Amino acid sequence: MRYYAQYNDYGKLIAIGTGPGGTKITESEYNTLLTEIREKAALVDQLYNGEITIDDVPTEWQEEIQRRVDERIAMELEAENQEISAEEALNIILGGEA
Amino acid sequence: MSYNTDLQTNNNELQTILNAINALPEVLPEQSKTATPSLSSQIITPDSGKTLSSVQVSAITKELLANLDSDFIADNIAKDVDLFGLVGTLESGGGTISGRKFVSGEITFSETPTSEIIISHDSLGVKSEPMVFLSGYAGAPSSHTGALIIARRGSGVYVNSSNRFTLLSSLSVTIDCNDYVYDTSFTIKSSSATKMLAGKTYIWLRIER
C-alpha cells in the first residue's frame, strides 16, 4: 500500500491518502498524521458545540482550532443568511417582521 | 674464395634479420581493467605505455540499478514482481470486480477543502466514472457543517446541518473527470470539495463501465 501526503503551495498539509499522488510517506507517518487530523477535527467539533473551552485544547493547536471554529461559525451564518428568501429580506428592509 | 663469399652472404642475411628484429615494436607491459555498466556507452582503453590483457565488466544487480536510477525501488515495482532480484511491493489499489477493472484509494482532509481537489491514480485504460464515498458512515454526521457523503459525476448526496439528506443533482460539476479514457486523475470541483469533512476518510473509486 502506498501512502501519501498532499501539501498546498505554502507547504501546508491538505490531505493524506492511499494510492498514487502527493508525497510518499510511510505507513507509520500516515497513521501519525491521521491520528492528529482526527484529533483536531474532534476538538473543532467539541469547541464548536461548547463541550470544551479553548483552554482544553493543546497550546500548540489552539490558534488553528479556534480559527477553524470561527470559520465554521461564519459558514453557518452564511448558510443561514442564504436561507432567507428575497421576500423575507425585503420585508426586513421595509421594517416588517422577519 | 668461395668460403669467404658464403660467410659474407650469411653475415648480410644475419644483419637483415637483426635489423628486422630491431624494427619490431617494443613489447608493452599488460594490464587488466574493470568497468561498471552505466547509462551511456563506454570505451575501455589501456593506460599509456600499456596494453590491455582483460576487462572485467561488473554484473548488473539491483544495487547497481538503484545507483543508476533512484526510482529503482521496491515501492515502484508491482507487488511480487521480481526485477533483477528486487521484489516489488507496489499495490496500486486496483483490481477487478466481476471482471471489470477498477482503481481506488482513500483520502482524509486535514481541513475542509477551500478549493477543488485533484485525485491522481493509475490509468485503467478503459472508460470509467469516478465515485466518492464517506468511509464507514451509516448515519448523518455529528458535525453541524454538513457533509458530502456520496458523489459521482454530476450528482451526489449531501447531509445538511439539519441532518437531512439532500440530492446534489443541481451541482452539475460534483465530480469532473474530463475525458475518461486513459485518464489518470479526476477533479472534485470546489462546489463539492468545500462540503467534505475534515478528519473523515473518503473512499474514491473508478470502475470500468
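Chain A is the first sequence line, chain B the second, and so forth, proteins listed ahead of strands; every chain is numbered from 1. The shown structure was predicted, so the numbers you read here are calculated from the model rather than taken from an experiment.
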Go through the atoms of B:Ile118 and report whether side chain, backbone, both or neither lie under 4.5 Å from a heavy atom of chain A.
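Answer is backbone: N, CA, C or O of B:Ile118 sit under 4.5 Å from chain A.
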Does any heavy atom of chain B fall under 4.5 Å from the side chain of [X], the backbone, both, or neither of them?
X       : value
A:Tyr3  : neither
A:Leu34 : side chain
A:Glu39 : neither
A:Glu36 : neither

Show the nearest heavy-atom pair for residues A:Gly21 and B:Ser120, with the distance to one decimal.
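Shortest heavy-atom separation between A:Gly21 and B:Ser120 comes out as CA-CB, 4.3 Å.
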Heavy-atom closest contact (A:Ala41 atom, B:Gly199 atom, distance)
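Taking every non-hydrogen atom into account, CB-CA, 3.9 Å.
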Is there a side-chain contact between [X] and [Y] in this structure, where contact means two heavy atoms from C-beta onward sitting under 4.5 Å apart?
X        : Y       : result
B:Glu111 : A:Glu64 : yes
B:Ile107 : A:Ile16 : no
B:Phe109 : A:Gln6  : no

Greater than 12 external heavy atoms within 6.0 Å of [X]'s [atom1]:
X        : atom1 : result
B:Arg100 : CZ    : no
B:Gln56  : CD    : no
A:Glu51  : CD    : yes

Hydrogens and angles aside, do B:Thr201 and A:Arg38 bring a side-chain donor and acceptor to less than 3.5 Å of each other?
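Indeed, the side chains of B:Thr201 and A:Arg38 share at least one donor-acceptor pair under 3.5 Å.
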Residue-level interface, residues 7-15 of chain A with chain B, non-hydrogen cut-off under 4.5 Å
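Contacts with chain B: A:Lys12, A:Leu13, A:Ile14, A:Ala15.
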All side chain to side chain contact (heavy atoms under 4.5 Å, CB included) counterparts of B:Leu52, not counting sequence neighbours:
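Applying side chain to side chain contact (heavy atoms under 4.5 Å, CB included) to B:Leu52 gives B:Gln31, B:Lys33, B:Ile44, B:Pro46, B:Val55.
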B:Lys200 NZ to A:Ile37 CD1 distance, which is reported to the nearest 0.5 Å
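Reported value, rounded in 0.5 Å steps: 12.5 Å.
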Please round to the nearest 0.5 Å and tell me the distance separating atom CD of B:Glu106 and atom OH of A:Tyr30.
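It is 5.0 Å, given to the nearest 0.5 Å.
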Using a cut-off of under 4.5 Å for heavy-atom pairs, which of B:Ser110, B:Ala198, B:Pro113, B:Gly105 has the most such pairs with chain A?
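Of the options given, most contacts go to B:Ser110.
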